[in-house]
Amino acid sequence: MPSTEHLYPPEQRPGGSLTAPLSAMGERLLAEADKWRAMSEEAIATSKKTPAPAEPAPPVPPPTVNWDAELDREALIMRRRQPTDWSPTTVVLTAGAQAQVVPYRLNRKSVTILNNGANPVILGATIGAVANQASATFPLAAGATLSLESEAAIWGLSVSGTTLAVIETYYGAQHLARAVSELVRLAIAARVGPPSPEGPTTPHKQGEKGLL
């Protein structure tokens with residue numbers, strides 16, 4: 001006998017004993033409970049079959065930038081200062097041989113070539129161009145001068161041989177570094193930001209109406 005049956009006999013229970021058939025309301029409640037139980041079991045089974053969400057891919061690192069070179073170019077473009085250094089050289093071209101008149105030079109402003117010899121010379125941007133005497137070349141007669149604003153190398157070929165006087169003007173790396181450092185210092189000191197609004201400002205209200 002259950003422990004409480006002596007206090008609450010079956011004949012006094014609503015609907016009779018514990019084994020008595022359920023009422024219509026009880027059957028509806030039981031059916032509703034079974035439906036929710038089945039839905040819960042289905043949801044649990046579905047969650048077990050669903051794969052775990054994939055971890056997000058790591059962020060792509062920013063590209064590597066040579067800031068020294070970028071600042072040099074920025075200074076050249078923005079400031080447009082005159083070159084700080086220059087270098088004169090003499091180049092002797094033997095008959096029929098190709099030679100590099102000037103090498104590539106970063107931050108070069110200009111190069112001037114004077115043909116001091118008695119014979120003409122062919123100038124080009126590549127050794128192949130002057131060797132083949134292609135259309136991408138420039139003939140420089142004896143006593144003539146050529147000036148270019150270029151950082152690229154220049155090659156030369158003289159069939160009979162000649163002598164060239166070359167002068168390069170360029171921006172020294174130390175001068176550029178000092179100029180850029182000064183610009184950065186001035187920008188930090190000035191605390192560059194958005195311009196302040198023009199015109200009269202609205203005075204602050206006084207009293208309780210001015211409180212926010």
Side-chain angles (χ1 to χ4, degrees), residues 58-196 198:
V60 179
T64 303
V65 179
N66 185 347
W67 288 110
D68 291 336
E70 293 300 324
L71 288 174
D72 284 355
R73 296 186 180 93
E74 181 76 9
L76 290 179
I77 295 173
M78 300 300 295
R79 297 184 68 112
R80 300 294 297 176
R81 297 183 58 181
Q82 294 301 315
T84 57
D85 297 324
W86 64 287
S87 175
T89 57
T90 299
V91 180
V92 178
L93 298 178
T94 58
Q98 303 90 14
Q100 190 177 68
V101 179
V102 290
Y104 168 82
R105 185 192 292 273
L106 180 66
N107 297 332
R108 180 194 293 140
K109 170 64 175 176
S110 66
V111 56
T112 299
I113 302 173
L114 169 63
N115 188 352
N116 276 336
N119 301 310
V121 61
I122 295 175
L123 302 175
T126 64
I127 188 172
V130 296
N132 298 325
Q133 301 184 23
S135 58
T137 57
F138 181 82
L140 188 64
T145 302
L146 172 66
S147 295
L148 293 174
E149 292 190 357
S150 173
E151 294 182 347
I154 299 176
W155 293 80
L157 168 64
S158 178
V159 176
S160 302
T162 191
T163 301
L164 304 177
V166 182
I167 298 179
E168 297 178 79
T169 62
Y170 56 94
Y171 298 87
Q174 294 182 353
H175 292 83
L176 279 175
R178 285 197 295 267
V180 172
S181 298
E182 180 65 14
L183 286 175
V184 173
R185 186 189 67 80
L186 292 175
I188 295 176
R191 298 181 182 274
V192 178
S196 58
E198 298 180 357

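Nothing fancy with the numbering, it's 1 onward along the sequence. Keep in mind that this is a model prediction, so the values were computed, not measured.
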Quickly, which of L148, L140, I167 forms a side chain to side chain contact (heavy atoms under 4.5 Å, CB included) with I113? Name it, please.
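Answer to the side chain to side chain contact (heavy atoms under 4.5 Å, CB included) test with I113 among L148, L140, I167: L140.
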
Main-chain N/O of [Y] paired with [X] side-chain donor or acceptor, under 3.5 Å:
| X | Y | value |
| --- | --- | --- |
| S158 | P120 | yes |
| N115 | A141 | yes |
| T162 | N119 | yes |

Quick one, V111 and R105 - any side-chain contact, counting heavy atoms below 4.5 Å?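 No, side chains not in contact.
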
Exercise. Kindly indicate whether the side chain of K109, heavy atoms from C-beta on, has any atom under 4.5 Å from the side chain of Y170.
Key: no

Can you tell me how far apart [atom1] ([X]) and [atom2] ([Y]) are? Round to the nearest 0.5 Å.
| X | Y | atom1 | atom2 | value |
| --- | --- | --- | --- | --- |
| L114 | T163 | CG | OG1 | 10.5 Å |
| D85 | T169 | CG | OG1 | 9.5 Å |
| F138 | I154 | CZ | CD1 | 11.0 Å |

Return the minimal non-hydrogen interatomic distance between [X] and [Y], and the atom names on each side.
| X | Y | answer |
| --- | --- | --- |
| Q98 | L157 | N-CD1, 4.1 Å |
| V91 | V101 | CG2-O, 3.6 Å |
| N107 | E151 | N-OE2, 2.9 Å |
| Q100 | A153 | NE2-CB, 3.8 Å |
| G124 | V130 | N-CG1, 3.4 Å |
| G117 | A142 | O-CB, 3.2 Å |

